[in-house]
Peer 1: 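Okay, here's the structure, questions in a sec.
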Amino acid sequence: QVQLVESGGGLVQAGGSLSVSCTASGLSLSGNDMAWFRQAPGKDREFVAGSFRGGISTSYGVSVKGRFTIHRDNAKNTVYLGMNNLKSDDTAVYSCAMTSWGQGSSTPGNYPYWGQGTQVTVSS
């Protein structure tokens with residue numbers, strides 16, 4: 001059984017930094033594509049960042065590019081999202097997702113496995 005468990009969310013002031021992590025069990029990270037999505041109240045789920053082909057390539061949503069960084073530690077089966085210069089618009093529930101090697105994209109429907117999400121709140 002595949003499980004993804006996020007941690008590290010919280011409350012931070014605008015301009016600050018925060019890191020969230022996602023630890024997988026049941027499947028090895030190294031053989032799969034990983035991504036972070038977020039969803040704010042009343043808004044659609046939004047692609048934040050992806051780590052694809054075992055971490056060889058990364059991709060970022062337009063709104064976070066240059067501020068957020070995704071990286072993974074395959075040995076720990078954990079993917080991280082570092083967030084800098086946070087803005088109030090970054091407030092959302094952040095969820096990690098997993099799909100097969102080469103299937104990663106910005107489309108939520110491509111991911112069969114999801115974590116429960118962690119809340120990130122940025123105060124202005």
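Being a predicted model, the structure only gives us computed values, none of them experimental.
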Peer 1: Among all residues two or more places apart in sequence or in another chain, which pass the side chain to side chain contact (heavy atoms under 4.5 Å, CB included) test with Val120?
Peer 2: Leu18, Val20, Met83, Tyr94, Val122

Peer 1: Would you say the side-chain atoms of Asp33 pair up with the backbone N or O of Gly55, donor to acceptor, closer than 3.5 Å?
Peer 2: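 Side chain of Asp33 to backbone of Gly55, a donor-acceptor pair under 3.5 Å: no, none is there.
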
Peer 1: Quick one: does any side-chain atom of Asn85 pair with a main-chain N or O of Gly15 as donor and acceptor, under 3.5 Å?
Peer 2: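 Judged by distance alone, no pair lies under 3.5 Å.
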
Peer 1: Heavy atoms, side chains only, cut-off 4.5 Å: are Trp101 and Arg53 in contact?
Peer 2: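 The answer is yes; the side chains approach within 4.5 Å.
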
Peer 1: So which pairs with a foot in residues 23-88 pass disulfide (SG to SG under 2.5 Å), sequence neighbours left out?
Peer 2: none

Peer 1: Can you see which heavy atom on Gln39 is nearest to which on Arg45, and at what distance?
Peer 2: NE2-N, 3.8 Å

Peer 1: Where do Thr99 and Pro112 come nearest, in terms of heavy atoms and distance?
Peer 2: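 Looking at all heavy atoms of both residues, the closest pair is OG1-CD, 3.6 Å.
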
Peer 1: Trp36 versus Ile70: any side-chain heavy-atom pair under 4.5 Å?
Peer 2: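 Yes, side chains in contact.
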
Peer 1: Might you confirm whether atom OH of Tyr113 has over 12 heavy atoms from other residues, nucleotides or ligands at distances under 6.0 Å?
Peer 2: no

Peer 1: Looking only at side-chain N and O atoms, does Thr23 offer a donor or acceptor that is under 3.5 Å from a partner on Thr78?
Peer 2: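 Yes - a donor-acceptor pair under 3.5 Å links their side chains.
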
Peer 1: Which atom names give the shortest non-hydrogen contact between Asn110 and Ser105, and what distance separates them?
Peer 2: ND2-OG, 2.9 Å

Peer 1: Would you tabulate the side-chain donor-acceptor contacts of residues 6-14 under 3.5 Å, counting partners in other chains and residues two or more places apart, or write 'none'?
Peer 2:
| from | atom 1 | to | atom 2 | distance (Å) |
| --- | --- | --- | --- | --- |
| Glu6 | OE1 | Gln116 | N | 3.1 |
| Glu6 | OE1 | Gln116 | NE2 | 3.4 |
| Glu6 | OE1 | Gly117 | N | 2.9 |
| Glu6 | OE2 | Cys96 | N | 2.9 |
| Glu6 | OE2 | Gly117 | N | 3.3 |
| Ser7 | OG | Ser21 | OG | 2.9 |

Peer 1: Sequence neighbours left out, what pairs pass side chain to side chain donor-acceptor pair (under 3.5 Å) with at least one residue falling in residues 61-74?
Peer 2: Arg38-Ser63, Glu46-Ser63, Ser51-Arg72, Arg67-Asp90, Arg72-Asn74

Peer 1: Search all heavy atoms of Ala40 against all heavy atoms of Ala92 and return the closest pair with its distance.
Peer 2: N-CB, 3.8 Å

Peer 1: Per the disulfide (SG to SG under 2.5 Å) rule, what does the pair list look like for residues 25-86, sequence neighbours excluded?
Peer 2: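 Those involving residues 25-86 do not exist here.
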
Peer 1: Identify the two heavy atoms, one from Asn84 and one from Ser17, that lie closest to each other, and give their separation to 0.1 Å.
Peer 2: OD1-OG, 2.8 Å

Peer 1: Just jot down the ring pair (Phe, Tyr, Trp, His ring centres under 6.0 Å) partners of Trp114, sequence neighbours excluded, or say none.
Peer 2: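 Partners of Trp114 by the ring pair (Phe, Tyr, Trp, His ring centres under 6.0 Å) criterion, ordered by chain and then number, come out as Phe37.
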
